[in-house]
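To start, the structure under review is shown below, and the notes come after it.
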Number of protein chains: 2
Amino acid sequence: MIDRLNERIRQLDAPVVVGLDPMLKFVPEHMQKKAYQELGETLEGAAEAIWQFNKVIVDAVCDLVPAVKPQVAMYEQFGVPGMAVYKRTIDYCKGKGLIVIGDVKRGDIGSTSEAYAVGHLGHVQVGSQSLSAFDEDFVTVNPYLGSDGIRPFLEVCKKEHKGIFVLVKTSNPSSGEFQDRLIDGRPLYEWVGEQVARWGDEVMGCCYSYVGAVVGATYPEMGKVLRKIMPKTCILVPGYGAQGGTAADLAPYFNEDGLGAIVNSSRGIIAAYKQEKYAQFGPENFGDAARQAALDMIADLKTVR
Amino acid sequence: MIDRLNERIRQLDAPVVVGLDPMLKFVPEHMQKKAYQELGETLEGAAEAIWQFNKVIVDAVCDLVPAVKPQVAMYEQFGVPGMAVYKRTIDYCKGKGLIVIGDVKRGDIGSTSEAYAVGHLGHVQVGSQSLSAFDEDFVTVNPYLGSDGIRPFLEVCKKEHKGIFVLVKTSNPSSGEFQDRLIDGRPLYEWVGEQVARWGDEVMGCCYSYVGAVVGATYPEMGKVLRKIMPKTCILVPGYGAQGGTAADLAPYFNEDGLGAIVNSSRGIIAAYKQEKYAQFGPENFGDAARQAALDMIADLKTVR
């Protein structure tokens with residue numbers, strides 16, 4: 001799957017992932033109203049609103065970008081109906097040829113991580129049947145529990161040719177609280193990065209590993225160091241746009257082959273119509289605004305690769 | 001909710017939580033068969049099997065223990081039907097007077113953590129309605145992203161009088177890979193523990209904080225130190241029984257008031273019928289075996305408090 005991701009990045013000349021984090025406040029009023037009229041102001045109604053919203057966004061960007069990254073929390077907050085729309089979104093995106101990165105940040109000990117790995121990337125055995133549940137192409141994983149928590153994902157990745165992105169240095173302001181603490185003179189995130197490279201060596205695609213890393217755009221100096229520590233790792237970069245990262249910040253995340261990083265933008269694209277820059281589209285044409293924002297982001301990134 | 005948890009621990013004289021981690025292999029053959037006959041060897045069939053299994057276990061232990069801890073991964077692996085049974089299990093347990101600790105180990109940055117907090121512990125706004133989604137009483141949370149990831153949970157805990165357990169030192173063999181690394185001469189888990197105590201000071205119940213910690217039974221020496229660092233923190237202790245922790249290991253986790261810790265056992269109770277010790281019950285009476293195992297665990301813990 002990492003090979004397919006790189007192939008699509010090259011074909012589209014766009015190392016861009018659109019974050020499908022549909023907060024209700026991003027869904028235009030008229031679309032919310034319609035969903036509530038059908039299903040009431042219920043969890044089902046909210047889930048329907050974000051599903052209709054997602055479809056428009058996906059249709060608008062699916063020929064421009066290689067991948068989408070639904071943030072499961074935005075679906076999970078609407079309970080079971082929300083999770084049903086998370087799954088429907090995954091299937092819809094895959095049907096449109098998009099690679100799906102489930103931003104689930106799961107991570108637990110052995111048998112529990114195995115259940116997550118199987119449920120999100122693999123197949124679960126039910127009687128004589130081997131069934132897929134959520135079936136993303138990649139998921140994000142939290143490393144705090146160490147190798148025990150990661151190995152079950154590696155096994156499933158090997159078997160299914162899928163991938164993970166392990167949190168190394170996150171984009172948020174307080175990410176340094178633990179991640180930046182010095183251990184034998186080097187920050188924790190570097191130790192995690194080294195471990196990611198080691199895990200990745202076990203599950204290699206043709207040039208890059210099935211094991212990627214998450215490194216926020218908001219810390220370019222650290223990104224530079226981590227690029228060197230993890231040369232064969234694809235870096236998923238959140239924090240561009242809304243969180244303050246600029247294209248100039250992103251140069252160190254790429255390798256000389258122009259690959260090695262895929263940059264996420266969520267609200268900067270899906271809620272573009274709410275920005276002054278794209279306000280002329282209006283809430284009715286939020287899909288067109290998203291398309292324009294994606295085109296602008298792709299152009300912006302071309303300046304640094 | 002922490003006050004209610006402590007009250008129930010005192011009433012029942014049982015600082016015990018039953019982990020509802022129903023792997024399919026724990027569900028007796030006859031029960032699996034029945035579910036597959038009804039719904040096929042499908043995700044729905046698997047979910048039905050674990051739901052029927054859970055009901056028997058919950059009925060068997062609900063008057064003995066204050067709390068249960070469903071491990072969401074074991075439901076999530078069966079996709080949307082699995083999540084529906086996760087929710088049904090929460091509701092069923094609450095109906096039986098049990099406190100529900102959702103073992104979800106979620107954690108993300110600001111607005112995303114807020115969505116998790118709202119979806120699991122709080123209320124989500126849909127139009128004019130304020131709705132609960134999963135509605136556990138507590139959830140487990142991963143600290144790797146720092147305060148940004150925790151604060152949204154604190155806000156919801158304050159509002160809803162609910163609680164969280166933050167991973168500090170997990171029970172698995174490789175937990176030390178990052179958690180034990182020394183920072184200014186002290187292991188990372190101690191720094192996390194100090195932060196947990198600080199977060200907890202903001203959200204106090206009558207004697208203990210709404211913010212608890214997860215510290216594995218498999219590391220009693222570390223538990224002793226963490227007990228001192230987090231005096232008002234309720235420690236959720238996994239790793240008893242199946243993972244190797246014994247009652248003697250647990251003494252340091254309790255305060256002098258006999259409170260301050262709640263010990264989890266999952267397969268040791270729910271799959272007791274598979275142990276030689278409880279084999280006489282047979283697969284048909286797996287609920288009775290679970291009840292006996294819970295009684296034995298409660299008696300075992302009385303020797304150390």
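Below, chains carry the letters A, B, ... as their sequence lines are ordered, and counting in each starts from 1. Just the heavy atoms: all of them, side chains too, but no hydrogens, waters or symmetry mates, feed the values below.
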Quick check on [X] against chain B: is it the side chain, the backbone, both or neither that has a heavy atom closer than 4.5 Å?
X	result
A:Thr170	side chain
A:Arg151	neither
A:Ser128	both
A:Glu177	side chain
A:Val27	neither
A:Gln32	neither
A:Arg267	side chain
A:Ser111	both
A:Leu188	side chain

Residues in side chain to side chain contact (heavy atoms under 4.5 Å, CB included) contact with B:Pro22, at least two apart in sequence or another chain: B:Ile50, B:Phe53, B:Asn54, B:Met74, B:Tyr75

Residues which pass ring pair (Phe, Tyr, Trp, His ring centres under 6.0 Å) with B:Tyr144, listed by chain and number, not counting sequence neighbours: none

Engaged part of B:Pro238 at the chain A interface, taking heavy atoms whose separation is under 4.5 Å: neither

Contacting moiety of B:Val168, where chain A heavy atoms sit under 4.5 Å: backbone

Heavy-atom pair of closest approach, residues A:Ser174 and B:Leu145: OG-O, 3.3 Å

Partner chain B: residue of A:Val118, A:Leu24, A:Asp108 with the largest heavy-atom pair count (under 4.5 Å): A:Asp108

Chain B interface, residue from A:Phe78, A:Trp191, A:Tyr36 that has the most non-hydrogen pairs under 4.5 Å: A:Trp191

Over 12 foreign heavy atoms within 6.0 Å of NZ, B:Lys94: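 Yes, the 6.0 Å shell around NZ holds more than 12 heavy atoms from other groups.
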
Winner by heavy-atom pair count (cut-off under 4.5 Å) against chain A, out of B:Leu182, B:Asp21, B:Val192, B:Leu167: B:Val192

B:His120-A:Glu76 side chain donor-acceptor pair, cut-off 3.5 Å: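 There is such a pair (donor and acceptor under 3.5 Å, judged by atom type) between the side chains of B:His120 and A:Glu76.
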
